[in-house]
Amino acid sequence: MPMGHTATAQAGSGGLTATEHRLANGLRVVLSEDHLTPVAAVCLWYDVGSRHEVKGRTGLAHLFEHLMFQGSGQVKGNGHFELVQGAGGSLNGTTSFERTNYFETMPTHQVELALWLEADRMGSLLAALDEESMENQRDVVKNERRQRYDNVPYGTAFEKLTALAYPEGHPYHHTPIGSMADLDAATLEDARAFFRTYYAPNNAVLSVVGDIDPEQTLAWIEKYFGSIPSHDGKQPPRDGTLPEIIGEQLREVVHEEVPARALMAAYRLPHDGTRACDAADLALTVLGGGESSRLHNRLVRRDRTAVAAGFGLLRLAGAPSLGWLDVKTSGGVEVETIEAAVDEELARFAAEGPTPEEMERAQAQLEREWLDRLGTVAGRADELCRYAVLFGDPQLALTAVGRVLDVTAEEVRQAAEAALRPDNRAVLVYEPVEPAEDGDAATDAPEGTDK
């Protein structure tokens, strides 16, 4: 049987608890009881994302996420969706730079089904993985790229800014969606080798949260996952370390069919899991987190030079995080006007820091977001997996907000002064062009050149 321990409620956890266990094959298990509603969430994080990919095979982690829904040893075709939804549950999966996750929310009496399905995929996917399923899901992912990235306004912005902010050869230089050329180049053997390397119990964390009997749940987990062999062939991801400051302003102008001019920028910020990252998060919240923020008040309300202005944080553990600025201009306003106003606001904030009212509002906003995540069984299951995979300790999920509330206004000011500078950003400027006429040669451009 698995070994484990019981955790008592920690200060600042709101009374929430989690127990941790590890099977003999290395699978890490986190359980959290919550009998408020008769549902439970099953969440499985694999420690693999686009940062683990190599040049020429970008998008493989995301493609494999899709393949995991294409059948397994005991479940044919679309059976995973059919069984979960037929039992009254919901499910999905996502891929990021740093992980791939799969999750179900089920009625309490159907938790065993979700565990069996996840174990069947982990243990026997190769039995169902063939050329037909590979081609099917390759086409699905390529269509996803067209619909969400290549053929929508500003759709390639994230890909372009990521490529600017992280230099060529860096593990975060490319985004999880991958390129069309690399998706076409992926072979069935590539997919099989990827599965054998990364989809092993010792490279995963399983959390179950909600209206559960922990002893019974753990027995099911041992029954279904315990016989799956571990795998020791995984190589660590390439080093994502970079200097704290880019050292120059990197800039690209994009001429596309977009509704309005736009200014977007990515600032290099501290790694996730650090106090400095929490301070940066608070700074971005004051500056661009909603309609009460400084940039919204300045650009949208006062100057009326923009129709939208936001500033958010992409937290990353294995590389510098990114502060993401996004401003859409109003009417014929030039980007230079917007950029000058943004730099003025950032410089003022770096000099003066947040007011007590701004600090209180920003901390309350981040606290509410934390409560929203932990307030649902699915959100809590995801957070427990996140902190276990990226930081080695799922208990940190239950006390994360306390660390944000402990940050001082001076630390927030210092975070802005250190990082929100012109020489520490990649800038993307969108300039609208007239739509091409039907039959124009421009419509015959090769697809998938970006994102």
Fill in: Lys/Arg N to Asp/Glu carboxylate O, Asp47 vs Arg28, below 4.0 Å
no

Worksheet item: Can a donor-acceptor pair be found between the side chains of Glu53 and Thr58 at a distance below 3.5 Å?
Response: no

Worksheet item: Are any of the side-chain nitrogens in Glu357 or Arg361 under 4.0 Å away from the carboxylate oxygens of its partner?
Response: no

Item to complete: Would you please say whether a donor-acceptor pair under 3.5 Å links the side chains of Thr376 and Arg380?
Response: no

Worksheet entry | Donor-acceptor contact present, side-chain Gln363 to main-chain Val404, <3.5 Å | yes

Fill in: Neighbour count >12 (heavy atoms, 6.0 Å) for atom CD, Glu352
yes

Worksheet item: Between Arg425 and Glu248, is there a side-chain N and carboxylate O pair less than 4.0 Å apart?
Response: no

Discussion item. Assess whether a salt bridge exists between Asp190 and Arg57, defined as any Lys/Arg side-chain N lying under 4.0 Å from an Asp/Glu carboxylate O.
Written reply: yes

Fill in: Any side-chain heavy-atom pair of Leu284 and Leu269 under 4.5 Å
yes

Discussion item. Would you call the rings of Phe81 and Phe69 parallel, tilted or perpendicular, taking 30° and 60° as the class edges?
Written reply: tilted

Worksheet item: Among side-chain atoms of Asn297 and Arg294, is any donor-acceptor pair under 3.5 angstrom?
Response: no

Item to complete: Taking all heavy atoms of Leu299 and all of Val327, pick out the closest pair and write down the distance.
Response: CD1-CG1, 4.1 Å

Worksheet item: How about Val141 and His62: do any of their side-chain heavy atoms sit closer than 4.5 Å?
Response: yes

Worksheet entry | More than 12 heavy atoms of other groups within 6.0 Å of Glu135 CD | yes

Worksheet entry | Working for side chain to side chain contact (heavy atoms under 4.5 Å, CB included), residues Glu431 and Glu256 | CA-CA 6 Å; Glu431 290 287 347; Glu256 283 187 3; over 6 Å; no

Item to complete: Show your reasoning for whether side chain to side chain donor-acceptor pair (under 3.5 Å) applies to His174 and Glu168.
Response: CA-CA 9 Å; His174 69 277; Glu168 181 75 38; over 6 Å; no

Worksheet entry | Lys NZ or Arg CZ of Lys160 over Tyr154 ring: under 6.0 Å, within 45° | no

Discussion item. Tell me if the CZ atom of Arg192 is crowded by more than 12 foreign heavy atoms within 6.0 Å.
Written reply: yes

Practice prompt. Evaluate the side chain to side chain contact (heavy atoms under 4.5 Å, CB included) criterion for residues Asp272 and Phe391: first the C-alpha distance (whole Å), next the side-chain angles of each, then the deciding distance (0.1 Å), finally the verdict.
Written response: CA-CA 9 Å; Asp272 191 15; Phe391 306 109; 3.5 Å; yes

Worksheet item: Quick one: does Glu65's side chain have a donor or acceptor within less than 3.5 Å of a partner on Thr95's backbone?
Response: yes

Practice prompt. Taking the side chain as every heavy atom from C-beta outward, state whether Asp34 and Asp211 have any pair of such atoms under 4.5 Å apart.
Written response: no

Worksheet item: Do side-chain atoms of Glu20 reach the backbone of Val29 as a donor and acceptor pair under 3.5 angstrom?
Response: no

Item to complete: Show your working on side chain to side chain donor-acceptor pair (under 3.5 Å) between Glu144 and His66 and close with a plain yes or no.
Response: CA-CA 11 Å; Glu144 179 183 343; His66 283 256; 3.1 Å; yes

Worksheet entry | Pro171 side chain near Pro237 side chain, heavy-atom distance below 4.5 Å | no

Worksheet item: Can you name the closest pair of heavy atoms from Val307 and Val300 and give their distance?
Response: C-CG2, 4.1 Å

Discussion item. Could you check whether Asp303 pairs with Arg298 (Lys NZ or Arg NE/NH1/NH2 to Asp/Glu carboxylate O, under 4.0 Å)?
Written reply: yes

Worksheet item: When you look at Lys55 and Asp182, which way does the salt bridge (Lys or Arg N to Asp or Glu O under 4.0 Å) test go after all the steps?
Response: CA-CA 9 Å; Lys55 188 173 183 179; Asp182 287 356; over 6 Å; no

Worksheet item: Is any NZ, NE, NH1 or NH2 atom of the basic residue among Lys328 and Asp326 found under 4.0 Å from an Asp or Glu carboxylate oxygen of the other?
Response: yes

Discussion item. Counting C-beta onward and ignoring hydrogens, is there a side-chain heavy-atom pair between Trp324 and Leu161 closer than 4.5 Å?
Written reply: yes

Discussion item. Tell me if a side-chain donor or acceptor on Glu358 pairs with a main-chain N or O of Thr355 at a distance below 3.5 Å.
Written reply: yes

Worksheet item: Can Asn25 and Ser230 be said to form a side chain to side chain donor-acceptor pair (under 3.5 Å), step by step?
Response: CA-CA 5 Å; Asn25 59 9; Ser230 60; over 6 Å; no

Fill in: Where Met359 and Val407 come nearest, the two heavy atoms and their spacing
CE-O, 3.2 Å

Discussion item. The test is side chain to side chain contact (heavy atoms under 4.5 Å, CB included); show your working for Leu374 and Leu16 and say whether it passes.
Written reply: CA-CA 9 Å; Leu374 267 66; Leu16 300 176; 3.7 Å; yes

Item to complete: Examine distances only and state if a side-chain atom of Asn424 and a backbone atom of Tyr267 form a donor-acceptor pair shorter than 3.5 Å.
Response: no

Practice prompt. Step by step, work out the side chain to side chain contact (heavy atoms under 4.5 Å, CB included) result for Leu31 and Thr217.
Written response: CA-CA 8 Å; Leu31 305 179; Thr217 303; 4.0 Å; yes

Worksheet item: Within a strict 4.5 Å, meaning less than it, do heavy atoms of the Asp281 and Leu366 side chains meet?
Response: yes

Worksheet item: Parallel under 30°, tilted from 30 to 60°, perpendicular over 60°: which one fits the rings of Tyr199 and Phe194?
Response: tilted

Fill in: Check: Ser321/Arg268 side-chain N/O donor and acceptor closer than 3.5 Å
no

Worksheet item: How far apart are the closest heavy atoms of Ala186 and Leu60, and which atoms are they?
Response: CB-CD1, 4.2 Å

Worksheet item: Has the side chain of Glu367 got a donor or acceptor atom that lies under 3.5 Å from a matching backbone atom of Leu405?
Response: no

Worksheet item: If you look at every heavy atom in Gly318 and Glu98, which pair is closest and at what distance?
Response: N-OE2, 2.7 Å

Discussion item. Tell me whether the rings of Tyr166 and Tyr172 are parallel (<30°), tilted (30 to 60°) or perpendicular (>60°).
Written reply: tilted

Discussion item. Please check this pair: side chain of Ser32 against backbone of Thr17, looking for a donor-acceptor N/O pair closer than 3.5 Å.
Written reply: yes

Item to complete: Kindly say whether Tyr387 contributes a backbone atom to a donor-acceptor pair with the side chain of Asp393 at under 3.5 angstrom?
Response: no

Practice prompt. For the pair Arg251 and Glu339, find out whether any cationic side-chain nitrogen is under 4.0 Å from an anionic carboxylate oxygen.
Written response: yes

Discussion item. So does Val48 get a backbone contact from the side chain of Thr100, meaning a donor-acceptor N/O pair under 3.5 Å?
Written reply: yes

Worksheet item: Ion pair present between Asp184 and Arg138, side-chain N to carboxylate O less than 4.0 angstrom?
Response: no

Worksheet item: Would His21 and Thr19 count as a side chain to side chain donor-acceptor pair (under 3.5 Å) if you check the C-alpha gap in whole Å, the side-chain angles of each, and the deciding distance to 0.1 Å?
Response: CA-CA 7 Å; His21 316 267; Thr19 62; 3.0 Å; yes

Worksheet entry | Note, Leu91 side chain near Phe103 side chain (heavy atom, < 4.5 Å) | no

Practice prompt. Over 60° means perpendicular and under 30° means parallel, so classify the ring planes of Phe97 and Phe158, tilted if in between.
Written response: perpendicular

Practice prompt. Check the side chains of Asp382 and Asn101 for a donor-acceptor pair under 3.5 angstrom, ignoring hydrogens and angles.
Written response: yes

Item to complete: Over all heavy atoms of both residues, which pair between Thr399 and Arg403 is shortest? Give the atoms and the distance, please.
Response: OG1-NH1, 3.0 Å

Practice prompt. Please tell me if the side chains of Glu33 and Ile212 come closer than 4.5 Å, counting only heavy atoms from C-beta onward.
Written response: yes

Practice prompt. Tell me yes or no: between the side chains of Glu334 and Thr337, is some donor less than 3.5 Å from an acceptor?
Written response: no

